[in-house]
Amino acid sequence: MRQVVVLDALDECSKSDDVLRKVICTWKDVMPTWLSLVVSTRPEGEIRSVITNNSLDFKVLKLKDEENLRDIELHIEHLLHDMSDVVEPKDVVSCAKILSERSEGLFLWTSFLPETLSRIHEEKRDGLLTLQDISPEDAIPSGLEGMFHVYLERLRTKVGGEKKYKMLLAPIVAAREPLSVQQLSSILQLDQNDTDDMVDDASNLLYRREDGRVALIHKRMADLLLDDHPSGNLGVDIDDGHVALAKYCSSSRDD
């Protein structure tokens, strides 16, 4: 029986070059024919070069591909069926169609939907959400950047303004490896419980790994935060993050 190992998001691996050369490029030579390897990645320069130079089989998947959009639409239908106390059941199929188009082909976008729809439902205060509530273009942000903007703005408000917002995100973006809450507490000069609360406030944008370290939910979020044009006043300065990390490392060494 054929089996498949899936390696997802190679471009987010800090040692993607080593993984490419030591694992992926040698897979066929050392593994049995019944065990295949499927790797997903964004087509970044070095990764693309290694794939091309080693004649590895690959397929470019387009976000707006009909099959991809259909998969997202079915996924959203399941989400909405599970939210029968929020979304009108008879409108689920129509709403899923509209929302899949707003996803712009990204499954990650759908992870924001439950909280987004619940918030709109609370603001409505009367009855379930219908197609009429969801269909206006400004009802729910389109694309991942649109969602990131909404949730970053909410995070800035939750943590107490721009200064704390940038103090939290800049070192996370600049760090080569995810930081622990204890490290963040030292960098932010806050009580660990207060830092825990800040991380919890950013639960849609940050996640805690099994080892308790905190990371951005996706590399595209870091790209957005560091790009002045799309992020606007929500962006962070990576130099500020490096300075904060350097001060933390210096103080830790002195201790």
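Here the structure is a predicted model, which means the values were calculated and not measured.
Atom CD of Gln182 sits in a sparse spot, with 12 or fewer heavy atoms from other residues, nucleotides or ligands closer than 6.0 Å. Taking a 6.0 Å sphere around CZ of Phe107, one finds it holds more than 12 heavy atoms contributed by other residues, nucleotides or ligands.
Ion pair Asp11/Arg220 not flagged as a salt bridge, since none of the NZ, NE, NH1 or NH2 atoms sits closer than 4.0 Å to an Asp/Glu carboxylate oxygen. A salt bridge does not link Arg102 with Glu73: every distance from a Lys NZ or Arg NE/NH1/NH2 to an Asp or Glu carboxylate oxygen is 4.0 Å or more. Here Asp201 does not pair with Lys164 in a salt bridge; the nearest charged N to carboxylate O distance is not below 4.0 Å.
Taking every heavy atom of both residues into account, Leu106 and Ile72 meet most closely at N-CD1, 3.7 Å.
Shown are Ile76, Leu131, Ile140; of these, the side chain to side chain contact (heavy atoms under 4.5 Å, CB included) with Cys95 is made only by Leu131.
Evaluation of the side chain to side chain donor-acceptor pair (under 3.5 Å) rule for Arg119 yields no partner, not counting sequence neighbours.
The closest side-chain donor-acceptor pair between Tyr151 and Thr116 falls under 3.5 angstrom. For the residue pair Asp133 and Thr130, a side-chain donor N or O sits within less than 3.5 Å of a side-chain acceptor on the partner. For Asp8 and Ser40, the side-chain atoms include at least one donor-acceptor pair closer than 3.5 Å.
Ring geometry for Phe112 versus Phe148: interplanar angle over 60°, hence perpendicular rather than tilted (30 to 60°).
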